[in-house]
Amino acid sequence: MAEVQAVATEIEMLQRMYAAFNRRDIETALASMHANVDWPNGMEGGRVLGKSAIREYWKRQFEVLDPNVEPRKFTREADGRIAIDVHQVVRDKGGKLVVDQMVQHVYEFRGGLIQSMEIRS
């Protein structure tokens, strides 16, 4: 029962994080993350480490792109991570569609906070 509650809590946290990201409320989104979180840099490639690096990455991203990510389906993987099917729509600042696709985001938690995220096509 504790496992089910932990998953429910993690899913609620992820839903709040996606909503904050879509509002461009960076600080609320970062509150769900471990201090040394490992995050993919989907725009420039590679990875960013730590909340301050993610903050700067998102600021750069929001200057040139208007991304919107909507979680659709949450799945607990065998290794304990949570995989989310996400509808991702990205427009440039002029409103032109850049990407409209389904991707999968996979999260690992540590101490009740997001430790890492990976993007699967």
Side-chain angles (χ1 to χ4, degrees):
M1 192 66 180
E3 174 69 15
V4 172
Q5 183 58 43
V7 171
T9 300
E10 291 169 353
I11 289 172
E12 288 171 14
M13 177 189 295
L14 289 164
Q15 289 171 325
R16 285 191 308 271
M17 186 193 68
Y18 279 94
F21 177 88
N22 288 334
R23 290 190 313 269
R24 308 301 180 248
D25 182 353
I26 293 173
E27 295 311 312
T28 298
L30 290 174
S32 303
M33 299 180 193
H34 196 276
N36 63 350
V37 61
D38 180 348
W39 199 262
N41 182 330
M43 183 174 75
E44 301 154 333
R47 301 197 60 87
V48 291
L49 301 175
K51 288 183 178 187
S52 61
I54 293 171
R55 181 183 297 109
E56 294 309 311
Y57 161 58
W58 281 347
K59 285 179 180 178
R60 287 192 311 278
Q61 184 181 58
F62 297 153
E63 287 175 4
V64 295
L65 296 172
D66 183 21
N68 189 314
V69 285
E70 293 294 332
R72 297 286 175 89
K73 179 182 173 193
F74 295 81
T75 307
R76 182 69 147 193
E77 299 205 318
D79 64 5
R81 295 185 301 167
I82 294 180
I84 308 172
D85 294 340
V86 177
H87 183 215
Q88 172 180 290
V89 177
V90 180
R91 298 183 183 279
D92 67 18
K93 287 309 232 181
K96 180 181 175 199
L97 185 65
V98 177
V99 172
D100 183 344
Q101 66 185 359
M102 292 297 295
V103 295
Q104 194 170 65
H105 293 169
V106 184
Y107 292 90
E108 180 179 347
F109 286 80
R110 187 172 91 195
L113 296 171
I114 297 166
Q115 176 60 50
S116 68
M117 193 264 262
E118 95 181 57
I119 301 172
R120 295 179 185 158
S121 300

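This one's a predicted model, so the numbers in the text were calculated from it and none came from an experiment.
- Taken to the nearest 0.5 Å, the NZ atom of K51 stands 8.5 Å off from the CD atom of E27.
- Ring centroid separation for the pair F62 and Y57 does not come in under the 6.0 Å cut-off.
- Looking only at side-chain heavy atoms (C-beta outward), N41 and R60 come within less than 4.5 Å of each other.
- Under a hydrophobic clustering in which Ile, Leu, Val, Met, Phe, Trp and Tyr are joined whenever their side-chain heavy atoms come within less than 4.5 Å, directly or via other members, V99 and I119 fall into the same cluster.
- Nearest heavy atoms, S116 versus V37: N-CG2, 4.3 Å.
- For E63, there are no salt bridge (charged side-chain N to carboxylate O under 4.0 Å, His left out) partners two or more places apart in sequence or in a different chain.
- Here the side chains of P67 and Q61 are in contact, with some heavy-atom distance below 4.5 Å.
- Smallest separation of non-hydrogen atoms from A20 and A29: CB-N, 3.7 Å.
- For the atom pair CD (E10) and CG (L113), the distance works out to 10.0 Å, reported to the nearest 0.5 Å.
- Here the shortest heavy-atom pairing between E118 and R47 reads CA-NH1, 4.5 Å.
- Two residues are said to be in side-chain contact when any heavy atoms from C-beta on lie closer than 4.5 Å; I26 and K59 meet this criterion.
- Between the CG atom in L49 and the CH2 atom in W39 there is a gap of 12.5 Å [rounded to 0.5 Å].
- Note: the hydrophobic cluster containing M43 also contains I54 (ILVMFWY, side chain heavy atoms under 4.5 Å, direct or indirect links).
- Residue K93 places its NZ atom among more than 12 non-hydrogen atoms of other residues, nucleotides or ligands, all under 6.0 Å distant.
- In this structure, R91 CZ and D66 CG are separated by 8.0 Å, a value rounded to the nearest 0.5 Å.
- When the options E70, R72, Q101 are evaluated for a side chain to side chain donor-acceptor pair (under 3.5 Å) with H87, the one that passes is R72.
- A cation-pi arrangement is present between R24 and F21 under the rule of less than 6.0 angstrom and at most 45 degrees off the ring axis.
- For the pair N36 and Q115, the minimum side-chain heavy-atom distance is below 4.5 Å.
- Here the closest non-hydrogen pair linking V48 and A53 is CB-CB, 4.0 Å.
- The structure places CD of Q15 at 8.0 Å from CD1 of I84, a figure rounded to the nearest 0.5 Å.
- Here the CG atom belonging to N22 is positioned 4.0 Å from the CG atom belonging to N68, to the nearest 0.5 angstrom.
- Chaining together hydrophobic side chains whose heavy atoms lie under 4.5 Å apart places L97 alongside V89.
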ask   = Do F74 and Y107 pass the side chain to side chain contact (heavy atoms under 4.5 Å, CB included) test, and can you show the C-alpha distance, the side-chain angles, and the key distance before you say yes or no?
value = CA-CA 11 Å; F74 295 81; Y107 292 90; over 6 Å; no
task = Would you check, one step at a time, whether the test side chain to side chain contact (heavy atoms under 4.5 Å, CB included) holds for M33 with M17?
result = CA-CA 9 Å; M33 299 180 193; M17 186 193 68; 3.7 Å; yes
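- In terms of heavy atoms, M117 sits closest to P40 at O-CD, 3.1 Å.
- Every residue two or more places apart in sequence or in another chain was checked for a ring-ring contact (aromatic ring centres under 6.0 Å, His included) with H34, and none qualifies.
- Checking each of T75, L14, V106 against I82 for a side-chain contact (heavy atoms from CB on, under 4.5 Å) leaves exactly one that passes, namely L14.
- Minimum interatomic distance between L65 and D92 (heavy atoms only, all atoms of both residues): CD2-CA, 4.3 Å.
- Taking a cutoff of 4.0 Å between a charged side-chain nitrogen and a carboxylate oxygen, E108 and R110 do not qualify as a salt bridge.
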